[in-house]
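One structure is given below, encoded as structure tokens.
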Amino acid sequence: MADEKSLNFIEEIIENDIAAGVNDGRILTRFPPEPNGYLHIGHATSICLNFGLAKKYNGKCNLRFDDTNPVTEETEYVDNIKQDIKWLGFEWDNEFYASDYFEKLYGFAVRLIEKGLAYVDDSTAEEIAATKGSTVAPGSDSPFRNRSIEENLTLFSEMRAGKYKDGEKTLRAKIDMAHPNLLLRDPLMYRIKHAHHHRTGNDWCIYPMYDFAHGQSDSIEEITHSICTLEFIHHRPLYNWFIEQLGIFPSRQFEFARRNLTYTVMSKRKLLQLVNEQHVAGWDDPRMPTISGMRRRGYPAVALRQFSDTVGIAKRENIVDIGLLEFYVRENLNKSTDRVMAVLDPLKLVVTNYELDGEVFEIENNPETPNGTRSVPFSRELWIEREDFMEVPAKKYFRLAPGNLVRLKGAYIVRCEGCKKAEDGTIEEVYCTYLPESKSGNDTSGLSVKGTIHWVSTKDAITAEVRLYDRLFRVEDPSSEDGDFKEYINPDSLNVLPAVYIEPALQRAVAGESYQFMRKGYFCVDSESTPGKLVFNRTVTLKDAWAKEVKRN
Ligand code: ATP
Ligand code: MG
């Protein structure tokens, strides 16, 4: 990039480290998703940050699945996470799994027991919580805190061997029950969970806690800069404590603020509820803030990257206007998509004086990025948008109204002659005459008209289903409202148009392709689309109709 962007605080730390020769200037980051759901746009920020730093500083970035909780994790999630990262345009140097370190982590735990820094506790979860103390009062020691090293080693190996039931025993670090940071009051290191793990199967029935897995995994991989979100800031002293006591590679943790987006929710727990309770069609529903949902909606990967990079890395939680993401989506699609004609709300237009047959117009695909033309058949009967005709025109209405001249995009100028109405007043057909000398590209009519409308020849049109999407929630930040976030779901977030008329060139459109439907917005071919039943998703409108709407209210 040509402009000198100022460094974010993590880049400053890295540049200082390189200057000071820390780790010989080597930079190794990691992206550590827990495979308990699909990635969302917040994760995209973390991906762009971690992979971006590695790239900028000639370093590397690992993909590490933080799979230490057997109950919520699934291989399906692992596969989708990998697909999403690749689609975003990044490649990891190594693919690791925290579960691959279970044996090493067990060894680390044994080492701490041997140093007198960990003990097996028989207290229940309730008892442990009750003796934790508070921010103003110290906690109290567990009655099991002073077990001998030998006894602890025996009990811990029995825990591993499956001798105890879930919750019967835990392994705790022996730090200080009066520590001002509650996380250092003898934190849990291991819990018993007789559960099947997506990779290790039934090999283990004890699983390390986040605090005793994350930092150690960083250290095993020799991660230099371990970047996580702000809620872990109070865990940092514990992260350092384990590494120091074990004398292992000194990875360091840095925190940045979570990125949120307006009109949606971001926590995987909430997204899972939307999926399970069928408020959406799945994790990749085009209304979801997931990377896979946005891909299916037609958002280009580059727009997600630009969005992630532009907002910058903050130290305070922030909620970013979805309008900014849509701005990047439009900007990219404007350059990359072919313009085609599709009539979403059809009304028949009859060109009464048109007698030719088989006339075809060559219409430019993309005036922004010229790439040729395509053939569009014209005929005596055309579909136009219902909103492009008004029997009694409003002021400054330059489209079809009796007596008005309008250009049919890429074809002729027509004069509107009138319409046919049903008994209830519904307009059934509109009539016009065309001016043969006004043919696009060879216009000798000398007329200039104010309105141009799109059209599709009725006998050549193909039919497609079009899905129009709106915000999934009615309020900017559903998570901060009273009550359940699901009360704020927008009931009109999906509007299916079963039969839209499209020009025949799109018969061969394949899933994932994007187009601009002239005057209507950007649309992409949905993954459910087939040649027999084409399905298009509206990615985004041409202009920000929503912002106007908000202003009006
Ligand atoms: P969630 O709360 O949405 O379930 P998580 O933090 O539990 O997210 P992980 O799979 O643990 O999800 O996250 C992987 C990485 O992505 C972590 O480093 C995490 O800090 C980061 N991350 C998650 N959500 C966001 C967000 N909204 N903004 C920025 N980074 C995020
Ligand atoms: Mg997490």
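Each ligand, and each atom within it, is numbered from 1 in the order the structure gives.
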Give the atom numbers and elements of ligand 1 that come within less than 4.0 Å of a heavy atom of H40. 3 (O), 24 (N), 27 (N)
Going by distance only, is there an N or O of R269 that falls short of 3.5 Å from an N or O of ligand 1? no
Considering residues at least two apart in sequence or located in another chain, which fulfil the side-chain contact (heavy atoms from CB on, under 4.5 Å) criterion with L494? R287, R467, Y469, V496
Distance filter under 4.0 Å to S267 heavy atoms, resulting ligand 1 atoms: 3 (O)
Show which atoms of ligand 1 fall inside a sub-4.0 Å distance from at least one heavy-atom site of R259. 26 (C), 27 (N), 28 (N), 29 (C)
Is there a nitrogen or oxygen of R258 sitting under 3.5 Å from a nitrogen or oxygen of ligand 1? yes
N36 versus ligand 1: do any nitrogen or oxygen atoms come within less than 3.5 Å of each other? no
Side-chain donor-acceptor pair under 3.5 Å between N23 and T224, yes or no? no
Heavy-atom proximity to atom 12 (O) of ligand 1, best of H43, R30, M266: H43
Y38 side chain to N80 side chain, donor-acceptor N/O pair below 3.5 angstrom: yes
F256 heavy atoms, cut-off 4.0 Å: which ligand 1 atoms fall inside? 29 (C), 30 (N)
Under-4.0 Å heavy-atom contact with ligand 1, by part of F31 that carries it: side chain
Under the side-chain contact (heavy atoms from CB on, under 4.5 Å) test, residues paired with K174 that sit two or more places apart: Y119, R145, N146
Atoms of ligand 1 under 4.0 Å from any heavy atom of T229, numbered from 1 in the order shown, are 19 (C), 20 (O), 29 (C), 30 (N), 31 (C)
Would you compute the distance between atom CG of N240 and atom CD of Q253 and round it to the nearest 0.5 angstrom? 7.5 Å
Could you tell me whether E255 and R236 make a salt bridge, using a distance below 4.0 angstrom between a side-chain N and a carboxylate O? yes
Considering residues, nucleotides and ligands other than K486, do more than 12 of their heavy atoms fall under 6.0 Å from its NZ? yes
